[in-house]
Every structure is written in C-alpha cells, then in structure tokens.
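Have a look at the structure below before the remarks.
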Amino acid sequence: MLTIADVSKSYGTRELFSDVSLFIARTDRLGLIGPNGAGKSTLFGLILGEEKPDTGTIEWERGADFGYLPQESAPAGDETILHIATSGKKLEPTDDDYDIDYTLEPRARKILDGLGFKTDDADKLAKTFSGGWVMRAHLARLLVAEPALLLLDEPTNHLDLEALLWFQDYLTRYPGGLVVISHDRAFLNALCTGMLELRAGTLHYYHGNYDNFLTEKEARKHQQAAAFKNQQREIAHLQVFVDRFGAKASMASRAKSKEKQIERLKEVAVEEPTEELRKMNFKFPQPPRSGLKVIELEHVKQAYGDHVVYKDLNFTAERGQGIVLIGPNGAGKSTLLKILAGVIPIQGGTRELGSNVVPGYFAQNRLDNLNADATVFENVMELRTNENQLTEQQARAILGAFLFRKDDVHKPVSVLSGGEKTRLALARILVRPPNLLLMDEPTTHLDIQSIDALVMALKNYEGTLIFISHDVHFIKTLAKNVLHVHSGRLTHYSGDYDYYLDKSKLSDARAAITAGFTDARPTQKTEAKKPAEPAKSGVVKSKPSANEIRKFREHVGVLEKKVVDLESKQAEITAALEDPETYADKGKFHHLNLELSATVNLVTQATAEWEKAAQQLAEMERA
C-alpha cells in the first residue's frame, strides 16, 4: 500500500533521519515510537506529502486512501459535531438516489456515542465544545470514512479511559491498516503487529507488539555487542601482526595484506551499541526514616455541598507500603489523596501523621505543584532552605536529570508543554524528598522512556508510596497493595494488582482500574440503620416487579453516564488550562476557570444524584 525508499530529512545542520525505508501492507498495525524530538511527526508529514524528503521516494499504491489525525486540530467553525463526523464521506447524492449512503449518519452517531458524546451533542455546533472534544469528532470522522490506512498521532491524549477502551476495541476490528504514534504501552500491546522505532536517525522494525519489541530490542543489543566485541578482537589481533612484522622486508607483503584486511573490516564494522540520549535518569534521595505507622484517618467525613463523598472513613498506611487507589471515576480517589496530603481540610474525624513523617503531594493538575509566574530554574531555587543549602550548580544538576539543560532552565512555566511540567514537578520533589509520597496520575504527558525512568526511581524509593494511575504497567510494577474506592467505601487487597484481578474475578486488567462492584466488599463502620423512608421517584416500597427494576436500572445508567460526561468535560477543561497557549489569552484563561468551577459543581451534584439512585436500586433489588 505504501513504499518508503531511502528517505532522508534534515533541518539546517540537524539530521532527523537518513536512508529510511519501509513497506506498509493493508493489514499492518504498526506502532511508531521513539523519544520526543526524534522526528516521528515529521515522518508522518512526509508520508502525507505536507513536507518533501531531502532524498528518497514515497509512493502510494494506486487507489489507496488514508486518514490522518494530528495531535491538535484547527479551531472549529460553524459546523456541527455530526457534520465533522460525516465529512469524510459524501452525505448528499451525486447523480441519483442510489448514491446516498443511508447508513452513514446512523454509523456516525454510533461512533460518536462510543467516543463519549451524548445523543443530542451530535447536532450542536462544534465551536461550543472544547478542543479535546472536537478532536474526538475528527477521530469519529476517520472511523466513519474507513480509509485504507489510518495515521494517528497520539490519538488517546483526548480520551478518558472508557472512551479509550471503546476506541481500542473498535480498532481491533478495523478493516484497514494502521500506523499510530503513542506513548500508551497498553494501547500498543493491544493493537500492534509490528513496532517502528525511530532512534538516532534510523528507523528500526520489530515484529509483534510493544512487549515483543522490548524483548527483541534487548536481544539485538546483546547480539550487536557480541559482534562488535568479536570484530574489535579480530582487528586488534591483525594489528599486532602488522605492528610486529610491518618493518621486516621478508614479511612486508603479508603485513600489507593484513592492513588491507583491517581496512575491509572497518568498512563493514558493527557499531558499538549506545544508550539513547536525552533520557530522564534520576533516583529519589532516600528520605528520613518514618515511624511504622505513617498516616491514619479515623471516622473522616468529607462532603461537597449536599454530596457526601465519605461519611465514616477509616484508613491506615504503614512504612514502605506501595498502595494504588482504583475505582470508578468520581468515586473519591483524588479526594482521598488530597485528604492524606492535607491539601483539603477534613470536615469531621481525625487525620494523624506518624512519627517523623514528611508528606509530598504530586497533583494531577501540575500547576498546583508549580509556581506559574516563575521560570524552570526559579521553581527549583525557591525551595532552597537553611537545611538543604541548595546551590545553583546543584539545581542545574537536578534539572539536567529531567532534561532541562542550558537555556531550557530559563523557560517560563507558562510556555512549558504538559510533559515538561510533569518533569519539573518531579524535579521539585528531589529538592525536598518526602517519606510519604502521594501521586495523582504521575505518568500523564510522559513518553515511554520517561515513564520507565520514573518507574525505576520509584522501585528504589524507600518511603511510602500511595498513588492513582490508569497505566497498567506502572501499577503492576509498583503496587504492593490495592485499595478499591467506591461509594464512600474502601476495599483492601493485601497483594499486588494481579492478586486484585484474581480476587475480584476481573479479566481485563485495564478496565479493572475503574471497575465498580458491590459484592464481596467489607463495610466500614456505619451509623445505625434508620427506618425506611417513604419511597420516592416512583420506587415501590416492597417487592417491585422485574419491569420496574429494569426501568429504574436504566434510569441509574442515564445518571451514571451524566456523571461520566461531566467528568470528561472537567478533564478537557483542565487539559486546556495546562496548555501554554491558553495563557496568551487572558480572557480565555478567565473563561476556562469559570467554566471549570461550574463543571466541578455540576459533577458534585450529578454524583450525589447518581449515588442516591444507585442506593435506591440496591434496595429495590434486595426487596
């Protein structure tokens, strides 16, 4: 379908890649990976014809079409969401009515639903939605059009977990080819039959998914190292002969022959394997040792208005534990982490830190951890105290470990990308190492190499770690205990994530992160049961019929979807506030802040309504 032959591309004196060759068949599912700045998006631009190669050719098979999803889309105009979703195919007839595709609009609406849009959203103007939701509409356009080859640049960035799982499942049945740039290892594992790694100016092909790539890459590295060592040994052996006998007339011809042999070996020499450049490389300074009991919550109450998140919450963490918080969106995971961090005051009960405990909080909104009005360097130096005596040289060394080098340290925080904000927030933790580390989605915006570096650093961390993540690899590597949060209750699993999957009887490791369930769950201390109140909202007092239960279950489902939709909107607004371009327009920044505040209130109200209905449904089912 697509043939790339001996393609090279440079910008000035910087060579991105050279002599790249690739053949893509109609059935290929390829993941394109490599460090940030390696040239992945540029390679897409060459394939699309938006840029021209310095050398080489790119040829498409006749009749092959493609669809492209960039990282960012152009601003939306006056078109509706449905219009965007159907714009990849003709909706109007050309010559006669037989040209009308009557399945187009229903298919588009079904795909929009899978990507998280509500039914009536399809007919709304796209410009009334955030950029993330417009990107979802463009993703729907590609899926509706079904081109022979999909080229997707970070397609999961704008999807919540529910929409991502639907999208991932849809792509497993997609009839065409696929090349995707992604840092989501679970996504690559589920879809890819081959991996393309763009590294040090060369494109390397590997069979299988991302896990297969890691195994094969390591094997190739060992083979290359062995070949290099053997070749260097042979060259050294020949050189000894030349040095010893080159000056003797009787041996001159043989020595000359050995020299030519050395030259031929050097011409085809195997390069010594090298480590990738610009990779985060750090470790957490080991913090002061805390007491055995690190933190304890007793009878904690927390509510937002009328919405009670926790009524009688009890929790204890001990030194050295690695605990992951999982559960449905809106269950209260981030709220629990903020309570533990002391970021929000509790409304009832007690929060007690153990002996010599120093907490550190890594917020989901990175700006909560950063000084937005300062530079990268100033964000680290402002943490200087009489105790740590941080010098400018030490600050630069810390920032260098997080890829902030030379003039990068003078960048204002307002212009940093999402990945750079995450790296800076991590760098600040190193200045004041806590022995209770609380992290909310720490891998967001990090590339795979940076995630691996963070995993390695946390594996060697000797403090107590409590975190929230949607990254299965991150969870499986670091979690020693699992805490399931749902409806104000905590379920402890005294084992790792695989232990949780086994005990909860959940087979999909990714979907299980946000799973909600009510069985086999120990209850916390609760108030004495009150007499049942008169039934409301059409709930029957006793022994409701199967049809009534079914209808009310559908009602609960509608309320739950409302919560999910609002949370998705909240996530999109938060992402927009993390975009440096937002701060160039003060009016836009102010508007987004107001919209975020209103959306948070709506999430709180909708969650309370859903939980109340879910409780009524449970009572109906028990009757």
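Remember, it's a predicted structure, so these values are computed and weren't measured experimentally.
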Are Lys311 and His299 close enough, and set up right, to give a side-chain contact (heavy atoms from CB on, under 4.5 Å), and what steps lead you there? CA-CA 7 Å; Lys311 184 167 60 175; His299 310 299; over 6 Å; no

For the residue pair Ser504 / Tyr493, report whether a side-chain donor-acceptor contact shorter than 3.5 Å exists. no

Are the aromatic ring centres of Tyr170 and Phe167 under 6.0 angstrom apart? no

Kindly say whether the aromatic ring centers of Phe474 and Phe467 come within a distance under 6.0 Å. yes

Can you check side-chain hydrogen bond (donor to acceptor under 3.5 Å, both in side chains) on Tyr310 and Thr335, steps first, answer last? CA-CA 9 Å; Tyr310 296 109; Thr335 297; over 6 Å; no

Between Asn356 and Ser290, a side-chain donor and acceptor under 3.5 Å: no

NZ/NE/NH1/NH2 to OD/OE distance under 4.0 Å, Lys476 and Asp498: yes

Can you measure from CZ (Arg428) to CG (Leu383) and round to the nearest 0.5 angstrom? 4.5 Å

I'd like to know if the side chain of Arg351 reaches the main chain of Ile346, judged simply by a donor and an acceptor atom lying under 3.5 Å from each other, with no hydrogens or angles considered. no

Does a side-chain heavy-atom distance below 4.5 Å link Ile344 with Gln302? yes

Partner of Arg185 by side chain to side chain donor-acceptor pair (under 3.5 Å), out of Asn209, Asp452, Asp211: Asp452

Salt bridge between Arg136 and Asp121, side-chain N to carboxylate O under 4.0 Å? no

Using side-chain contact (heavy atoms from CB on, under 4.5 Å), reason through Leu437 and Leu458 one step at a time and then give a plain yes or no. CA-CA 10 Å; Leu437 186 53; Leu458 289 173; 3.8 Å; yes

Could you work out, with side chain to side chain donor-acceptor pair (under 3.5 Å) as the rule, every residue matching Asp113, not counting sequence neighbours? none

Examine the side chains of Asp153 and Ser41 and answer whether a donor and an acceptor come within less than 3.5 Å of each other. yes

Identify whether the distance between the nearest side-chain nitrogen and carboxylate oxygen of Asp565 and Lys561 falls below 4.0 Å. yes

Check against side-chain contact (heavy atoms from CB on, under 4.5 Å), Asp368 and Tyr361: CA-CA 10 Å; Asp368 290 347; Tyr361 176 55; 5.6 Å; no

Are Lys480 and Asp496 packed together at the side-chain level, in the sense that at least one heavy-atom pair is separated by less than 4.5 angstrom? no

To the nearest 0.5 Å, what is the distance between NZ (Lys411) and CD (Glu420)? 4.0 Å

Whether Asp408 and Arg423 form a salt bridge (side-chain N of Lys/Arg under 4.0 Å from carboxylate O of Asp/Glu) is what I want to check. no

Classify the ring geometry of Phe213 against Tyr210: parallel below 30°, tilted from 30° to 60°, perpendicular beyond 60°. tilted

If we ignore angles and hydrogens, is there a donor and acceptor under 3.5 Å between the side chains of Glu382 and Asn371? yes

Thr385 and Leu390: CA distance, side-chain angles, deciding distance, side-chain contact (heavy atoms from CB on, under 4.5 Å) verdict: CA-CA 7 Å; Thr385 64; Leu390 182 70; over 6 Å; no

